[in-house]
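Structure, as structure tokens:
Note that the numbering runs from 1 along the sequence shown for the chain.
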Amino acid sequence: MSVTTEAQASEGSLESPVAQLIERSVRLGSDPTVTNYAGGNTSAKGSSIDPATGRPIDLLWVKGSGGDLGTLTEAGLAVLRLDRLRALVDVYPGVEREDQMVAAFDYCLHGRGGAAPSIDTAMHGLMEAAHVDHLHPDAGIALATAADGEDLARRIFGERVAWVPWRRPGFQLGLDIAAVAREHPHAIGVILGGHGITAWGDTSEQCEANSMEIIRTAERYIAKHGTPEPLGAVIPGYEPLPEDRRRARAAALMPILRGLLSTDRPQVGAYTDADVVLDFVAREAHPRLAALGTSCPDHFLRTKIRPLVLDLPRSAPIEQVTERLRELHSAYRDDYLAYYQRHADAATPPMRGADPAIVLVPGVGMFSFGANRQTARVAGEFYVNAINVMRGAEAVSTYSPIPEAEKFRIEYWALEEAKLARMPKAKPLATRIAFVTGGGSGIGKAIAQRLAAEGACVVVADIDEGSALEVAREIGGSDVAIGVQADVTDEAQVVAALQATVLAFGGVDLVVNNAGLSISKPLLETSLGDWDVQHDVMARGSFLVSREAVRIMVDQDLGGDIVYIASKNALFAGPNNIAYGAAKADQSHQVRLLAAELGQYGIRVNGINPDGVVRGSGIFAKGWGADRARVYGVPEDKLGEFYAQRTLLKKEVLPEHVAAAVFALVGGDLSQTTGLHIPVDAGVAAAFLR
């Protein structure tokens, strides 16, 4: 092993093993052909000074449990003393009790902090090489899952890459790979049967080069020697629909699927119509291959043992497709229960849920589901990797994944259960999908931000697309929030915005009708245009958004919430306010009407009556503030103070206060409340509900 000096190992040094490891890891993890999200692990060994003794000490830095190579930082590394880690060989109790060794890694840690050591730590620490990569490349797994993978590896790589038969990750696999490296001194790595690859080198550059040599050599071999159509011919009627038609059908099916796949627990969805998916579900081999399931542990832990596959052509009527999906879902749950019962014993953790994570629909694409958008998206990405693996294995051999019993041992591994138990507690609105109109500024922006902070996936809808996109960017990435352009007075735009919501997150659970504007004029100065535009945005717009959202909620059969941001003016006869006050009164009564109608579906409808929200308000900034200031005879910059002084609490109302009221309605504590209006006005006696 090449030992790095203490000076080289100092923090921030460009020559330090830590810096080299992170740079290499990020490069490898950023290439989806090399490894998948949170898949694989890398390591480096080096020397540092032990603060307790002042003497040099050999250390191992290795990617910790649950981390992602592409975004790895120093905090994501576990740091262990090599002498103590290697001494574990002497107390190793054997493969039947190898899981106990993971707890022993904690006694090998150097210093405090860092990530928890992963199950693959032994694979890295027991190797003599200074740098080790364990990766899950599609081409490598294709060879690893080929029926004659060992012969193929020998034919392709000769003595340069060895074969290690399938073994569940753990201490024994680390011993096996270390033994292979000793017995094959000229080898640069191994193919792990059913799993992936491991490569090594004396330097970080050599290790990375060896990893890439294995991957690219496998890719070239499959490309040169593989059959041209390994998945068979296209099934007539299973070809991809034209893009607009398949996305429309996806939007129609997604809420139904989300409802079905939330039988055990609520789920968020993701959809892809990537070419590789559309081609797979069109080919003759897809039913056989999908039934075999995935092989790499990282794949099936996220995609479950196998997907649900619709067995109807693209031309089937939507009603027939829906009924067939219900039948297939019921059968899938029965099959999964039987799978669990075949392999479970007294020590097996309870069944986690029998719903599929992946649904394949010919002509349309793939739907994936999980506890949040990232989990759902990543599950889909992993199944794309699995498709590539199947295609590669079938091109040069026959796809032969690890046995079902081995998959079960990993899916219900006590160590996997412990990892799940370490997950942070879900936020109150986790798995809920919110659609906020007028979300690009003011009250709507504050509501969108609060709902996202409480765990919801948020769609920021606004007539100003730029504002919607900017608010979504401020909230976070597309796994958390997206922005869409929507003029709520336009039926087609409302339908398109909610379709985008469904395709992004799987459905909609929580609608906030917040879009609005106001024009302050007395009756004789109020034009028909003034009247129409306010009723179009607030009365008609709320109606259109509620109607289209309820269509989705009913298909999901998961209940839902609709919240109207009405106004104190729905109750209070303010001066020079005929059009705005009447439109707000319309919204207020929509709350009552819809609460009475939609309760049968578990959909709750409630309202918020704000008043005097000046600071941060888009409405007040667009002329309403100046108009109201003239009506009340105060300077515009003092309008907020004026409103505060006329309240019972003498407090100014801010957008954040309205957002807090929305969360109070939808956060779970008021789950039996519908048809309610909550004043958020610091106390205006004239607007008390009667």
With a 4.5 Å heavy-atom cut-off, do Tyr383 and Phe280 have their side chains touching? yes
Sub-4.5 Å side-chain heavy-atom contact between Pro17 and Trp61: yes
If only atom types and distance count, is the side chain of Lys63 paired as donor or acceptor with the main-chain N or O of Gly67 below 3.5 Å? yes
If you round to the nearest 0.5 Å, how far is CD1 of Ile482 from CZ of Phe505? 5.0 Å
Answer whether the closest heavy-atom distance between the side chains of His110 and Asp50 falls below 4.5 Å. yes
For residues Ser25 and Thr42, is any side-chain donor paired with an opposing acceptor at under 3.5 Å? yes
Supply the atom-to-atom distance Ser65 OG to Ile119 CD1, rounded to the nearest 0.5 angstrom. 9.0 Å
Looking only at heavy atoms, what is the nearest atom pair of Ala129 and Gly201, with distance? CB-O, 3.9 Å
In chain order, what residues pass the side-chain contact (heavy atoms from CB on, under 4.5 Å) check against Glu394, with sequence neighbours excluded? Pro230, Arg288, Leu289, Thr398, Tyr399
Is there a side-chain contact between Ile358 and Leu308, using heavy atoms and a 4.5 Å cut-off? no
Minimum heavy-atom separation for Lys407 and Leu292, please, with both atom names. NZ-O, 2.8 Å
List the atom of Ala481, the atom of Ile475, and the distance in Å for their closest heavy-atom pair. CB-CG2, 3.8 Å
Sequence neighbours excluded, which residues qualify as side-chain contact (heavy atoms from CB on, under 4.5 Å) partners of Ser211? Asp133, Leu135, Ala199
Is it true that the side chains of Ser118 and Asp120 contain a donor and an acceptor less than 3.5 Å apart? no
Between the OG atom in Ser30 and the CG atom in Asp68, the distance rounded to the nearest 0.5 Å is 8.0 Å
Steps toward side chain to side chain contact (heavy atoms under 4.5 Å, CB included) verdict (Leu192, Val190): CA-CA 6 Å; Leu192 304 173; Val190 295; 3.7 Å; yes
Side-chain (Thr217) to main-chain (Glu213) donor-acceptor, under 3.5 angstrom: yes
Identify whether the distance between the nearest side-chain nitrogen and carboxylate oxygen of Arg432 and Glu454 falls below 4.0 Å. no
If you apply the rule side chain to side chain contact (heavy atoms under 4.5 Å, CB included), what do you find for Arg473 with Leu469, and how did you get there? CA-CA 6 Å; Arg473 277 193 294 268; Leu469 293 172; 3.8 Å; yes
Taking every non-hydrogen atom, the tightest pair across Tyr271 and Asp273: OH-CB, 3.2 Å
Is a side-chain donor-acceptor pair under 3.5 Å present for His343 with Glu404? yes
For Tyr37, run the side-chain hydrogen bond (donor to acceptor under 3.5 Å, both in side chains) check against Arg377, Gln374, Arg302 and tell me which one passes. Gln374
For Arg373 versus Ser478, what's the shortest heavy-atom pair and its separation? CG-O, 4.3 Å
With rounding to the nearest 0.5 Å, note down the distance linking CD1 in Ile156 to CD1 in Ile222. 7.0 Å
Mind checking whether Ile57 and Ser47 have side chains closer than 4.5 Å, heavy atoms only? no
Asn210 side chain vs Trp200 backbone, donor-acceptor pair below 3.5 Å: yes
Closest heavy-atom pair, Val480 versus Ala452, reported as atoms and distance to 0.1 Å, is CG1-CB, 4.3 Å
Point-to-point distance, once rounded to the nearest 0.5 Å, from CD of Glu208 to OG1 of Thr203: 10.0 Å
Do His195 and His134 have ring centres separated by under 6.0 Å? yes
So, for Tyr340 and Tyr412, is the gap between ring centers shorter than 6.0 Å? yes
Any salt bridge between Asp31 and Arg216, counting N to O under 4.0 Å? yes
Heavy-atom donor-acceptor pair, Lys45 side chain to Met127 backbone, under 3.5 Å: yes
State, with a plain yes or no, whether a side-chain heavy atom of Ile197 is found less than 4.5 Å away from one of Pro137. yes
As an exercise, state the distance from OH of Tyr336 to CG of Asp355, rounded to the nearest 0.5 Å. 10.0 Å
Check: Val389 and Ile387 side chains under 4.5 Å, non-hydrogen atoms: no
Let me know which of Asp138, Thr33, Asp298 forms a side-chain hydrogen bond (donor to acceptor under 3.5 Å, both in side chains) with Asn385. Asp138
Heavy-atom count check: over 12 atoms from other residues, nucleotides or ligands less than 6.0 Å from Arg55 CZ? no
Is any side-chain heavy atom of His136 closer than 4.5 Å to a side-chain heavy atom of Ile141? yes
Using modelled atom types and a 3.5 Å cut-off, is there a donor and acceptor pairing between side-chain atoms of Arg24 and backbone atoms of Ser43? yes
Hey, is Asp279 close enough to Arg391 for a salt bridge, meaning N to O under 4.0 Å? yes
Is it true that the side chains of Thr294 and His299 contain a donor and an acceptor less than 3.5 Å apart? no
Kindly assign one of parallel, tilted or perpendicular to the pair Tyr339 and Phe408, based on the angle between their ring planes and the thresholds 30° and 60°. perpendicular
Quick one: do Asp99 and Arg168 make a salt bridge, cutoff under 4.0 Å? yes
Candidates Gln172, Arg97, Gln100 - the one meeting side-chain contact (heavy atoms from CB on, under 4.5 Å) with Tyr92: Gln172
Would you sort out whether Thr431 and Gln267 count as a side chain to side chain contact (heavy atoms under 4.5 Å, CB included), showing the intermediate values? CA-CA 6 Å; Thr431 74; Gln267 302 282 309; over 6 Å; no
Is any side-chain N of the basic residue among Arg155 and Asp151 closer than 4.0 Å to the acidic one's carboxylate O? no
